[in-house]
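Chain letters run A, B, ... following the sequence lines, proteins first and then strands; every chain starts at 1.
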Protein chains: 2
Amino acid sequence: MAPAPNPHPPTSPRRARLSRDLVLSTALALVDAEGLDALTMRRLGHELQRDPMSLYRYASNRAALLDGVSEMVLNELAIFPDDPDWQAQLRKIAHDLRLLALRHPNVVPLLVTRPLSTPLGMRPLGTLRPLEQILALLIDAGFTPASALHVYRAYYGFLYGHILNELQEYIVDPDENEAILRLGLHRLPAKDFPHLRALGPVLADYDGDAELDQGLSILLAGLATQLATPHARAIQQP
Amino acid sequence: MAPAPNPHPPTSPRRARLSRDLVLSTALALVDAEGLDALTMRRLGHELQRDPMSLYRYASNRAALLDGVSEMVLNELAIFPDDPDWQAQLRKIAHDLRLLALRHPNVVPLLVTRPLSTPLGMRPLGTLRPLEQILALLIDAGFTPASALHVYRAYYGFLYGHILNELQEYIVDPDENEAILRLGLHRLPAKDFPHLRALGPVLADYDGDAELDQGLSILLAGLATQLATPHARAIQQP
DNA sequence: ACAACTTCTCTACACCGTAGACTGTACATG
DNA sequence: CATGTACAGTCTACGGTGTAGAGAAGTTGT
């Protein structure tokens, strides 16, 4: 008769003490590996060899858990608000964020979707850091605070849009990518989608990096003119 | 002893025959009214006074149901690929899509997120229609098919990004909007978020329409130069 | 009248998030 | 050493979810 089945489980060395960081990074790993749906409280508990209920010490909700994962991912993004060349810095941030998204594609829906159900001021602070730092960058560069906000919106909007676009066309294993893509396109009725079907080959090799950079060039050129003319400032203090 | 409790329920006049359209539009109404989480098979069944299982005749999945709702919303978007003034048409589409998003804010996460888990060729056809039609518009305007695709990407990326941005700052009831927003901002540590906090008032009155239009101007100006120079064509056939 | 087909319902299962009460351990204090 | 207190982790249970599979009811063609 063994009264306590596992007093000192000798064969499980990795049963470290829980911590918010451990919980969140395990959650992130799980999402990266198996997608958002795999991240259930029960599954995560199993992964950490703990009762699912113990997780509620470190995230009061499943929603909060998801927010935590977003935050953790965004923390990988480094921003240097003191860079004197604001355009170069914005370019760098954009490419970094793009790579981040490609590294954690399953998290992107969270990044994009969670803020929609959380008023700005109530978001996890880590999520707002990029916004604050980019504002700082722009204001340092000479923009009015108000017009810095406008520039941020145009810039970040474009950036998120690009990332979504690119991910929408990518996703599948790069190996079968072209095959599957073509297969998919072949399904389209030729009558209704002539252009789309014809573009199969072009769709297949999408150089997201180049495309992003080109878009940024257009946008930054346009935005820089706002800095040159005092036009923007006129809005704030006429 | 009532053997059949409800042979001809006389008090429910609206028990029409089901159809995919009825199912989807009821689903959309439900999402609009109570959000995405309210759209469960059981709830929708209840709404239609049918057993939840009957829905599987018209959408083989919950995921397929969501796709159907996206499709239904996108069908509200009218595009005129024959418009000779492509820039004006792109502007119009952008504003229309923005209004569509504001009319169905709860559906936006679907619009943005579902394609991420569906290879392009496998999406509901209604979802691809805008892409095809915009390509047609651009090609008619003189763009190479390949560069039309690039223009589409820059344009649609920017557009989606803007919509996400705007919705992220809006969401709450316009009444309490400013109050809640300020309250939220007040929560931020002044030390770490000076710029963001200072921008409270500016954040509160966001003229999304103007902002979108301004961004479009920048972008379209940039894109038009590609049409002028044969630069883009050089990429395809050197 | 019968049969074939479609539409809708019933039952059941495995899984989900999480409330609430509980156990066990760690440590500060007497 | 004893004891109180805080905290970490657990257990059980409840109401909800999507959906497989078999069956009932309704509709239509002959």
Side-chain angles (χ1 to χ4, degrees), chain A residues 2-10 12-27 30-31 34-69 106 109-110 113-114 117-118, chain B residues 2-10 12-27 30-31 34-69 106 109-110 113-114 117-118:
Chain A
N6 263 5
H8 284 268
S12 64
R14 59 197 65 218
R15 205 162 171 287
R17 219 160 180 302
L18 285 190
S19 71
R20 182 169 163 88
D21 236 56
L22 178 60
V23 168
L24 290 184
S25 56
T26 312
L30 186 54
V31 171
E34 307 190 27
L36 271 180
D37 290 344
L39 179 56
T40 71
M41 303 307 263
R42 287 168 149 98
R43 175 69 192 279
L44 183 54
H46 177 82
E47 221 68 26
L48 290 161
Q49 303 180 266
R50 288 283 152 52
D51 186 284
M53 279 298 127
S54 60
L55 302 174
Y56 287 84
R57 297 252 160 223
Y58 306 97
S60 58
N61 255 342
R62 193 180 115 96
L65 190 74
L66 296 179
D67 281 340
V69 172
N106 295 333
L110 283 189
T113 265
R114 288 287 318 156
S117 30
T118 324
Chain B
N6 262 7
H8 284 267
S12 62
R14 58 196 68 221
R15 205 163 172 283
R17 219 163 182 298
L18 285 190
S19 71
R20 183 170 161 90
D21 236 56
L22 178 59
V23 169
L24 290 184
S25 57
T26 313
L30 186 54
V31 171
E34 308 190 26
L36 271 181
D37 290 344
L39 179 56
T40 72
M41 303 307 263
R42 287 169 151 95
R43 176 70 194 279
L44 183 54
H46 177 83
E47 221 67 28
L48 290 160
Q49 303 180 266
R50 289 285 151 58
D51 187 284
M53 278 299 126
S54 61
L55 303 174
Y56 287 84
R57 293 257 155 220
Y58 307 97
S60 58
N61 255 343
R62 193 180 117 95
L65 190 75
L66 297 178
D67 281 341
V69 172
N106 295 334
L110 284 189
T113 264
R114 288 288 317 155
S117 30
T118 324

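Between S54(A) and dA8(D) there is no side-chain polar atom (N or O) within less than 4.0 angstrom of OP1 or OP2.
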Only pairs under 3.5 Å count here: list side-chain donor-acceptor contacts from residues 38-48 of chain B, not counting sequence neighbours, and write none if there are none.
from	atom 1	to	atom 2	distance (Å)
T40(B)	OG1	R43(B)	N	3.0
R43(B)	NE	E47(B)	OE1	3.0
R43(B)	NH1	E34(B)	OE1	3.1
R43(B)	NH2	E34(B)	OE2	2.8

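Look at CG on L55(B): it is 16 Å from C1' on dT6(C), rounded to the nearest Å. Residue D51(B) contributes atom CG, which lies 17 Å from atom P of dA22(D) at whole-angstrom precision. dG26(D) atom P lies 15 Å from atom CG of L18(B), rounded to whole Å. A straight line from CG of L22(B) to C1' of dC8(C) spans 14 Å, rounded to a whole angstrom.
Rounded to the nearest 0.5 Å, atoms CG (L30(B)) and OG1 (T26(B)) are 8.5 Å apart. In this structure, CG on L36(A) lies 7.0 Å from CG on L66(A), to the nearest 0.5 angstrom.
Counting only heavy atoms from C-beta outward, the side chains of L65(A) and V23(A) approach each other to under 4.5 Å. Under the 4.5 Å side-chain criterion, counting only non-hydrogen atoms from C-beta, R50(A) is not in contact with L55(A).
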Protein-nucleotides 19-28 of chain C N/O pairs under 3.5 Å:
none

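Under the 3.5 Å distance criterion, the side-chain polar atoms of R20(A) are matched with a main-chain donor or acceptor of Y58(A).
The nearest heavy atom of DNA chain D to A63(B) and to R42(A) marks one nucleotide each, and the one closer to the 5' end goes with R42(A).
Distance from the side chain of R50(B) is smallest for dT9(C) among the nucleotides dT9(C), dG9(D), dG17(C).
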